[in-house]
**Q** 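One structure coming up, written as structure tokens, with questions to follow.
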2 protein chains.
Amino acid sequence: MADIIPNISIDVALFGFKGIKLEVLLIKRDKKPEMDQWSLPGGYVYMDESIKDAAKRRLKELTGITKLYLSQIALFGDTNRYPTRRLVSVLFCALIKPEQFKLIAGSDAKDVEWFKVSELGKLPFDHNEMINTAMLWFKNEIWREPIFINLLPQKFPLNQMQNLFTQFLGEAIDNRNFRKKVISQELVEKLNEKTKGGQQRPAFLYKLKRTI
Amino acid sequence: MADIIPNISIDVALFGFKGIKLEVLLIKRDKKPEMDQWSLPGGYVYMDESIKDAAKRRLKELTGITKLYLSQIALFGDTNRYPTRRLVSVLFCALIKPEQFKLIAGSDAKDVEWFKVSELGKLPFDHNEMINTAMLWFKNEIWREPIFINLLPQKFPLNQMQNLFTQFLGEAIDNRNFRKKVISQELVEKLNEKTKGGQQRPAFLYKLKRTI
DNA sequence: CCAAAAGTGTTCAGCATACACCCATGC
DNA sequence: GCATGGGTGTATGCTGAACACTTTTGG
């Protein structure tokens, strides 16, 4: 069980949403190369473990969560993507509700934290490209399989959902059309509750009718 | 240049079309395991070569063709997919016009031949699953990016094109709707030529207006 | 009463689907 | 003349896109 595949790694882009800006989980590296830099959490694959199982394991180590939507997005195989040796990496993405778990900085991380996707600086290796690839992938999937709904809390106003969609699509959405669409597709169900404590008119809360 | 990445391979599903049935290229293995079995052509990745370059190189070795649409489809990473050691394989697909080149059985193949996709038997390893995955991928892509048009010869009657689409989609297509669609999307252009030598009414030939 | 966000309907165009018959040729 | 595949048009419904104003609350 201790043996790892020497030239393959996995990286996990874990997205979360707390109502305003889409965020991605980064760890502060506690090993070389790129010691102390913030980067996507990665990991190796054991010899007797499938690639996907390695990603699941890594995700569990980070969040404690086991049952989760996890999708293989792309393969990064350029010769020079990793400085010290030839390493091919498989990118996985997952979407979580940050409220549901507590971050755990594993043995190879000094720290772990959420960063707003729109405010990221330069990350080590090809990790910026990985995040861009993931965002593009979500953008293409967004109406085919609205998996991003896993990011939303149990109850939420529709404007929050629309805000989330907007960030994936990278462009404005007409709110009337948006409401019609999510209701006609039976993605959401209206509740008899409203938001409280805002400075403006309270909004009805909705819950998801589907899970993926 | 001689060193290879020990736990990664690529496999190439090369599709061709001669007017009737969709075909896939298989080689007769000249090495263990599965000696003498027909299987997808595969190969290893050199240490100083990107994954995609390895696929391109392998394709060139098989067909002599260098400029070609080549797409990474999926990763096969189960622990037991290869009998003698842990091997993760990246599946690539390409679509070619069989008329344009001559098959070359490489050093690790006793023979190389086209097989009708609909008539394949059990292949070694997970190669049946690979072909199914590729077919499904094409089915999903078929109208978004009609790459399969690379399979068609320079000039072809529309019924041949429709036949090809039908095989990818796995269901019948209404011929009036099909014609309207490919013409309105400007995929094809009508020529002033007709088929000859058939037993029935000659058909107008078309050529592609787009390449991908 | 004012600022701020919530909420609501209609129209239009384009596209996918369904559907059945006549045409041109070789034999 | 008949068998075989080639070729054509219309009507309908759905979906996505565009578009502006009224409502409700807190301060």
Side-chain angles (χ1 to χ4, degrees), chain A residues 17-21 139-146 148 152-153 155-207 210, chain B residues 17-21 139-146 152-153 155-207 209-210:
Chain A
F17 183 65
K18 299 170 193 160
I20 310 291
K21 291 277 199 171
K139 181 177 174 179
N140 287 329
E141 289 292 310
I142 201 165
W143 287 114
R144 294 207 299 174
E145 273 298 350
F148 41 81
L152 292 165
K155 303 172 182 179
F156 52 89
L158 281 192
N159 286 337
Q160 195 176 109
M161 184 176 180
Q162 184 181 339
N163 171 19
L164 178 61
F165 274 58
T166 303
Q167 292 184 56
F168 277 119
L169 291 173
E171 59 190 14
I173 308 173
D174 181 278
N175 69 333
R176 284 165 289 192
N177 293 336
F178 179 79
R179 281 159 188 264
K180 264 180 297 180
K181 189 160 178 174
V182 295
I183 292 166
S184 74
Q185 294 196 357
E186 301 200 318
L187 288 179
V188 296
E189 186 179 336
K190 195 174 189 173
L191 301 174
N192 260 331
E193 282 182 80
K194 293 190 175 192
T195 53
K196 288 177 224 164
Q199 307 305 96
Q200 306 84 18
R201 174 176 176 179
F204 274 101
L205 292 171
Y206 287 74
K207 68 168 186 169
R210 294 170 55 189
Chain B
F17 183 66
K18 298 169 194 161
I20 310 293
K21 290 277 199 171
K139 182 176 173 180
N140 287 329
E141 290 292 310
I142 199 164
W143 287 113
R144 294 208 296 174
E145 273 299 349
L152 292 165
K155 303 172 183 180
F156 52 89
L158 280 192
N159 286 336
Q160 197 177 105
M161 184 174 179
Q162 184 181 339
N163 171 19
L164 177 60
F165 273 56
T166 303
Q167 291 184 57
F168 277 118
L169 291 174
E171 58 190 15
I173 308 174
D174 180 278
N175 69 333
R176 283 165 291 190
N177 295 335
F178 179 80
R179 282 159 186 264
K180 263 180 298 180
K181 188 159 177 173
V182 295
I183 291 166
S184 73
Q185 295 196 355
E186 302 201 316
L187 287 179
V188 296
E189 184 179 337
K190 196 174 187 172
L191 300 174
N192 261 332
E193 285 182 78
K194 294 190 173 191
T195 53
K196 289 176 221 165
Q199 309 303 99
Q200 307 84 20
R201 173 179 177 178
F204 275 100
L205 293 172
Y206 288 74
K207 68 167 186 169
K209 287 186 77 169
R210 294 170 55 187

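Here is the naming used below: chain letters follow the sequence lines, and residue numbers restart at 1 for every chain. No experiment lies behind these values; they were computed from the predicted model shown.
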**Q** For A:Lys196 and D:dG26, give me the distance from atom NZ to atom P, rounded to whole Å.
**A** 12 Å
**Q** Among the nucleotides D:dG16, C:dA6, C:dA18, which one has an atom lying closest to any side-chain atom of B:Asn177?
**A** C:dA18
**Q** Using heavy-atom distances to pick each residue's nearest nucleotide on DNA chain C, tell me which of A:Gln199 and A:Arg179 is more 5'.
**A** A:Gln199
**Q** Take the protein atom CZ of B:Phe178 and the nucleotide atom C1' of D:dG7, then report the distance between them rounded to whole Å.
**A** 14 Å
**Q** CG of B:Leu158 versus C1' of D:dG7: gap in Å, rounded?
**A** 10 Å
**Q** Counting only side-chain heavy atoms from C-beta out, which of C:dA6, D:dG5, D:dT10 sits nearest to B:Lys180?
**A** D:dT10
**Q** Where each residue is assigned the nucleotide of DNA chain C containing its nearest heavy atom, which of B:Gln200 and A:Lys190 is assigned the position nearer the 5′ end?
**A** A:Lys190
**Q** By side chain to side chain contact (heavy atoms under 4.5 Å, CB included), which residues pair with B:Thr195, not counting sequence neighbours?
**A** B:Pro157, B:Pro202, B:Ala203, B:Leu205
**Q** Tell me the interatomic distance from A:Arg144, atom CZ, to D:dT15, atom C1', rounded to whole angstroms.
**A** 17 Å
**Q** Minimum heavy-atom separation for A:Leu191 to A:Phe204, with atom names?
**A** O-CD2, 3.6 Å
**Q** Over how many whole Å does the gap from B:Phe204 atom CZ to D:dG7 atom P extend?
**A** 7 Å
**Q** Provide, to the nearest angstrom, the distance between the CZ atom belonging to A:Arg201 and the C1' atom belonging to C:dT8.
**A** 9 Å
**Q** Identify whether any heavy atom of A:Asn175 sits under 4.0 Å from a base atom; if not, whether one sits that close to sugar-phosphate; answer base, sugar-phosphate or nothing.
**A** base
**Q** Classify B:Asp174 by what it touches in the nucleic acid, base, sugar-phosphate, or nothing, heavy-atom distance under 4.0 Å.
**A** base
**Q** Nearest whole Å is fine: how far is D:dG5 C1' from B:Gln162 CD?
**A** 12 Å
**Q** Check the surroundings of atom CD1 in A:Ile173: do more than 12 heavy atoms from other residues, nucleotides or ligands lie under 6.0 Å from it?
**A** yes
**Q** Give me the atom names and distance for the closest heavy-atom approach of B:Lys209 to B:Val188.
**A** CD-O, 3.4 Å
**Q** OP1, OP2 of C:dC15 versus side-chain N and O of B:Lys181: anything below 4.0 Å?
**A** no
**Q** Report yes if at least one side-chain N or O of A:Asn159 is closer than 4.0 Å to OP1 or OP2 of C:dA6; otherwise report no.
**A** yes
**Q** Would the A:Phe165 and A:Trp143 ring centres measure less than 6.0 Å apart?
**A** yes
**Q** Check the distance between C:dA6's P and A:Tyr206's OH and give it to me in whole angstrom.
**A** 12 Å
